Q: 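The structure is given below, and queries will be raised subsequently.
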There are 2 protein chains.
Amino acid sequence: MRRTRFDDAPCPIARTTDLIGDWWTPIVLREAFLGRRRFDDFQRALSLSRGVLAQRLGRLVDEGLLDKRLYEERPPRHEYLLTEKGLAFYPVLAAMWRFGSDWLWPDGQQPPVELFDRESGLPVRPLVVDETTGEAIDVRKLRVGARTPNGG
Amino acid sequence: MRRTRFDDAPCPIARTTDLIGDWWTPIVLREAFLGRRRFDDFQRALSLSRGVLAQRLGRLVDEGLLDKRLYEERPPRHEYLLTEKGLAFYPVLAAMWRFGSDWLWPDGQQPPVELFDRESGLPVRPLVVDETTGEAIDVRKLRVGARTPNGG
DNA sequence: TAGAGCGAGTTCTATTGTCGAACTTACGCC
DNA sequence: GGCGTAAGTTCGACAATAGAACTCGCTCTA
């Protein structure tokens with residue numbers, strides 16, 4: 001049976017899930033954000049099957065999150081760079097980071113790593129807010145509705 | 001081959017990916033946030049295999065995002081309610097919503113649905129910021145580092 | 001100039017996971 | 001006693017994954 005696809009669903013969550021709803025794609029993107037560019041860099045860092053890596057990188061290129069660039073003619077060598085769309089995905093990883101840090105470590109323990117601001121050196125804690133009010137998102141105060149003509 | 005597990009990885013993104021890195025879990029959670037509670041509600045809304053649904057709901061209960069409650073003794077009837085941990089996952093879906101809305105529709109088009117504030121009725125646009133500064137997250141200004149004793 | 005090495009994949013096979021349908025259990029109603 | 005409903009479990013066909021080996025184009029070295 002073919003995996004169910006959500007890429008033409010009317011819901012933005014479903015479409016995003018179609019894009020990253022497997023165990024390697026978010027991790028591959030994480031590595032891209034950490035500055036990895038070359039096939040074997042990804043492969044060594046993640047020790048995943050080369051076949052799966054090729055498929056995932058290909059998908060991310062097809063979807064426009066990565067750009068496959070020739071950085072050397074002879075012999076031909078490629079690198080994968082984040083596009084504007086790829087960079088725009090970072091907030092999703094940041095939200096995952098926050099949830100994981102807050103909820104996926106045993107009692108009293110915390111993850112060994114943290115995010116820092118390069119300039120100030122201060123720790124950064126991602127938080128999801130409403131862009132207009134600046135208030136933290138509270139699901140109990142939200143509803144989903146049809147798009148308004150002037151909205152969004 | 002057994003699927004690679006990330007549930008004991010040192011990276012919060014990897015652990016979160018382990019939890020939701022498949023095609024149905026985020027969608028099941030979305031439905032839970034939309035107020036769905038009963039097995040057949042989920043099944044009818046999503047038309048996914050009952051086997052897969054049972055496995056996913058079970059995992060979410062095991063992980064503490066859903067609570068399985070008996071709401072009727074005879075005949076025995078159950079419902080799945082979001083826990084505090086489950087509610088804490090909403091920001092991740094909100095970030096996915098924003099990315100999907102902004103980037104996964106063809107030129108000039110927009111998704112048919114939108115988020116609204118229940119009280120004000122105004123559209124809500126999720127944005128990921130740094131909790132301390134309130135500034136939007138910019139991956140180019142971040143670095144990952146070892147946790148500081150007083151940090152985080 | 002033969003061979004080792006490297007980057008970037010592709011191909012192969014065994015094992016798992018997923019889909020969809022059918023089946024089961026436990027009860028309530030008529 | 002049979003039908004309906006909630007909440008699953010079981011089953012078989014098919015798809016995806018992991019890991020290893022192989023290919024291809026090229027460079028460097030002895």
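Only a predicted model underlies this, so the values are computations on that prediction, with no experimental measurement involved. In what follows, chains are A, B, ... by sequence order, proteins preceding strands, each numbered from 1.
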Q: Could you please spell out the steps behind the salt bridge (Lys or Arg N to Asp or Glu O under 4.0 Å) verdict for B/Arg5 and B/Asp18?
A: CA-CA 6 Å; B/Arg5 289 273 171 198; B/Asp18 191 78; 3.6 Å; yes
Q: Atom CZ of A/Arg5 to atom P of D/dA15: distance rounded to whole Å?
A: 13 Å
Q: Would a distance-only check, ignoring hydrogens and angles, find a side-chain to backbone donor-acceptor pair under 3.5 Å from A/Glu114 to B/Thr148?
A: yes
Q: Would you mind classifying the nucleic acid contact of B/Arg56 as base, sugar-phosphate or nothing, using non-hydrogen atoms under 4.0 angstrom?
A: sugar-phosphate
Q: Please list all pairs passing the side-chain hydrogen bond (donor to acceptor under 3.5 Å, both in side chains) test where one or both residues lie in residues 80-93 of chain B, with sequence neighbours left out.
A: none
Q: Within the 4.0 Å limit for protein heavy atoms, which parts of nucleotides 8-13 of chain C are touched? Write it as a string from 5' to 3', B for base, S for sugar-phosphate only, - for none.
A: BBB---
Q: Report the distance from atom CZ of A/Arg44 to atom C1' of C/dG7, rounded to the nearest whole Å.
A: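 Rounded to whole Å, this separation is 9 Å.
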Q: Rounding to an integer number of Å, can you tell me how far B/Trp24 CH2 sits from D/dA15 C1'?
A: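 Going from CH2 in B/Trp24 over to C1' in D/dA15 covers 16 Å.
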Q: Specify the separation, in whole Å, of atom CD of A/Glu73 and atom C1' of C/dG7.
A: 15 Å
Q: With a 4.0 Å cutoff (strictly under), does any side-chain N or O of B/Trp23 reach OP1 or OP2 of C/dG17?
A: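 False: B/Trp23 side-chain N/O out of range (4.0 Å or more) of C/dG17 OP1/OP2.
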Q: Between B/Arg118 (side chain) and A/Leu142 (backbone), is there a donor-acceptor pair under 3.5 Å?
A: yes
Q: Specify the separation, in whole Å, of atom CG of B/Leu70 and atom C1' of D/dG8.
A: 14 Å
Q: Does anything in residues 12-21 of chain A come within less than 4.0 Å of DNA chain C? Heavy atoms only, and list the residues if so.
A: none
Q: Write down the distance between CG (B/Leu53) and C1' (D/dT10), rounded to a whole number of angstrom.
A: 16 Å
Q: Can you pull out every side-chain hydrogen bond (donor to acceptor under 3.5 Å, both in side chains) where at least one residue sits in residues 60-71 of chain B? Sequence neighbours excluded, please.
A: B/Arg38-B/Tyr71, B/Arg59-B/Glu63, B/Arg69-B/Glu79
Q: Thinking salt bridges, do A/Arg125 and A/Asp102 make one under a 4.0 Å N-O criterion?
A: yes
Q: Give the rounded distance in Å between these two atoms: CZ of B/Arg59 and P of C/dT18.
A: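 Going from B/Arg59 (CZ) to C/dT18 (P), I get 11 Å.
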Q: Answer with yes or no after comparing the ring centroid distance for B/Trp24 and B/Phe42 against a 6.0 Å cut-off, counting only values under it.
A: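 No - the distance between ring centres of B/Trp24 and B/Phe42 does not fall below the 6.0 Å cut-off.
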Q: Give a yes or no on whether the ring-centroid distance for A/Trp23 and B/Trp23 is below 6.0 angstrom.
A: yes
Q: With a distance cut-off below 6.0 Å to the six-membered ring centre and an angular limit of 45° from the axis, does B/Arg15 pair with A/Trp97 as a cation-pi contact?
A: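 Judged by the rule (NZ or CZ under 6.0 Å from the ring centre, within 45° of its axis), B/Arg15 is not positioned above A/Trp97.
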Q: How would you list, by chain and number, every residue that makes a side-chain hydrogen bond (donor to acceptor under 3.5 Å, both in side chains) with A/Glu131, sequence neighbours excluded?
A: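 Applying side-chain hydrogen bond (donor to acceptor under 3.5 Å, both in side chains) to A/Glu131 gives B/Arg98.
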Q: Please report the distance, rounded to the nearest Å, between CG in B/Asp22 and P in C/dG17.
A: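 Those two atoms, CG and P, are 12 Å apart.
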Q: So does A/Arg143 pair up with B/Asp117, basic N to acidic O under 4.0 Å?
A: no
Q: Measure the angle between the two terminal helix axes of the helix from C/dT1-D/dA30 to C/dC30-D/dG1, five base pairs each, and quote it to 10°.
A: 10°
